[in-house]
Trainee: 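One structure is given below, represented as structure tokens, and several questions about it will come after.
FYI, the numbering just counts along the sequence from 1.
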Amino acid sequence: MENCLFCKIIAGDIPSTKVYEDDDVYAFRDIAPQAPTHVLVIPKRHVASVAACGELSDAAIAACLRACGKVAEAEGLTVKGFRVVSNCGDDACQSVHHLHFHVLGGRKMGEQMA
């Protein structure tokens with residue numbers, strides 16, 4: 001999508017710190033981390049959010065979730081734990097309308113999700 005920040009990152013038009021990449025997924029460090037480790041995992045094909053996942057193949061969705069696990073393992077988060085979050089829509093504070101998963105860890109997370 002032409003004006004999508006994440007599509008521009010995937011295309012290399014905007015710099016990012018790549019953590020992981022495969023044919024379907026690109027993962028990079030968040031520029032405003034909310035935890036010691038904060039990586040965004042995004043599909044290379046543009047879809048707006050989890051609500052639009054029907055536009056992706058099952059394989060592409062699975063690739064995103066597998067990538068979350070691979071990122072967590074590579075970042076050393078699998079021993080103590082990590083959180084995966086996807087905000088969907090404006091009321092959930094989704095700031096970039098391209099499906100993305102936040103992989104967060106490196107500290108004890110709060111008990112409340114909201």
Side-chain angles (χ1 to χ4, degrees):
M1 182 168 234
E2 175 176 317
N3 291 323
C4 174
L5 174 68
F6 289 171
C7 288
K8 290 178 181 180
I9 288 172
I10 292 165
D13 297 336
I14 295 175
S16 65
T17 304
K18 180 171 67 170
V19 174
Y20 175 83
E21 183 175 17
D22 64 26
D23 290 341
D24 297 303
V25 175
Y26 186 79
F28 57 99
R29 298 205 184 280
D30 194 294
I31 61 168
Q34 303 298 306
T37 299
H38 189 167
V39 175
L40 300 176
V41 175
I42 62 176
K44 288 184 175 177
R45 179 166 181 248
H46 181 88
V47 296
S49 71
V50 169
C53 274
E55 298 173 28
L56 289 175
S57 69
D58 290 348
I61 296 166
C64 287
L65 295 177
R66 278 193 304 274
C68 289
K70 289 176 182 180
V71 165
E73 184 174 3
E75 295 290 314
L77 302 177
T78 55
V79 172
K80 288 195 158 193
F82 61 98
R83 183 171 285 169
V84 176
V85 177
S86 185
N87 301 319
C88 302
D90 294 335
D91 282 356
C93 297
Q94 182 181 7
S95 58
V96 178
H97 292 275
H98 182 123
L99 174 62
H100 58 285
F101 298 91
H102 299 260
V103 178
L104 302 147
R107 67 166 166 80
K108 172 82 170 148
M109 297 289 156
E111 294 292 329
Q112 284 191 296
M113 292 293 292

Trainee: Tell me whether the rings of H38 and H102 are parallel (<30°), tilted (30 to 60°) or perpendicular (>60°).
Mentor: tilted
Trainee: CD of E73: more than 12 outside heavy atoms within 6.0 angstrom?
Mentor: no
Trainee: Which heavy atom in A27 sits nearest to a heavy atom in V39, and how many Å separate them?
Mentor: CB-CG1, 4.0 Å
Trainee: Linking I/L/V/M/F/W/Y whenever any side-chain heavy atoms sit under 4.5 Å apart, do L65 and F28 land together?
Mentor: no
Trainee: So does V96 get a backbone contact from the side chain of H98, meaning a donor-acceptor N/O pair under 3.5 Å?
Mentor: no
Trainee: State plainly whether one hydrophobic cluster holds both L77 and F101, where clusters connect Ile, Leu, Val, Met, Phe, Trp and Tyr through side-chain heavy atoms under 4.5 angstrom apart.
Mentor: yes
Trainee: Working note: V41 + Y20, criterion side-chain contact (heavy atoms from CB on, under 4.5 Å); need CA distance, chi angles, decisive distance, verdict.
Mentor: CA-CA 8 Å; V41 175; Y20 175 83; over 6 Å; no
Trainee: Would the number of heavy atoms belonging to other residues, nucleotides or ligands and lying under 6.0 Å from CG of D58 be above 12?
Mentor: no
Trainee: Heavy atoms only: give me the nearest H46-C7 pair and the separation to one decimal.
Mentor: ND1-SG, 3.5 Å
Trainee: For a quick test of reading the model, state the closest non-hydrogen atom pair linking A67 to V25 and the distance between them.
Mentor: CB-CG1, 3.6 Å
Trainee: Specify the closest pair of heavy atoms between L104 and Q34, including all atoms of both residues, with the distance to one decimal.
Mentor: CD2-CB, 4.2 Å
Trainee: Please name the pair of heavy atoms, one in S16 and one in I9, separated by the smallest distance, quoted to 0.1 Å.
Mentor: OG-CG2, 3.5 Å
Trainee: Do L99 and F6 make a side-chain contact, defined as non-hydrogen atoms from C-beta onward lying under 4.5 Å apart?
Mentor: no
Trainee: Are the side chains of H97 and D90 in contact, using a 4.5 Å heavy-atom criterion?
Mentor: yes
Trainee: So, the side chain of Q94 versus the backbone of A48: is there a donor-acceptor pair under 3.5 Å, distance only?
Mentor: yes
Trainee: CG of N87 to OG of S95: how many Å apart, nearest 0.5 Å?
Mentor: 8.0 Å
Trainee: Report the residues that fulfil salt bridge (charged side-chain N to carboxylate O under 4.0 Å, His left out) with K80, sequence neighbours left out, ordered by chain and then residue number.
Mentor: none
Trainee: In terms of hydrophobic clusters joined by side-chain contacts under 4.5 Å, are L40 and L56 together?
Mentor: no
Trainee: If two hydrophobic side chains count as joined below 4.5 Å and joins carry through other members, does I42 share a cluster with V85?
Mentor: no
Trainee: Do V19 and V103 share a hydrophobic cluster (ILVMFWY, side-chain heavy atoms under 4.5 Å, transitive)?
Mentor: yes
Trainee: Has the side chain of K44 got a donor or acceptor atom that lies under 3.5 Å from a matching backbone atom of A60?
Mentor: no
Trainee: Judged by atom type as modelled, is there a donor-acceptor pair below 3.5 Å linking the side chain of S86 to the main-chain atoms of H100?
Mentor: yes
Trainee: To the nearest 0.5 Å, how far apart are OG1 in T37 and CG in D30?
Mentor: 11.5 Å
Trainee: Which heavy atom of I10 sits nearest to which heavy atom of P43, and what is that distance?
Mentor: CD1-O, 3.6 Å
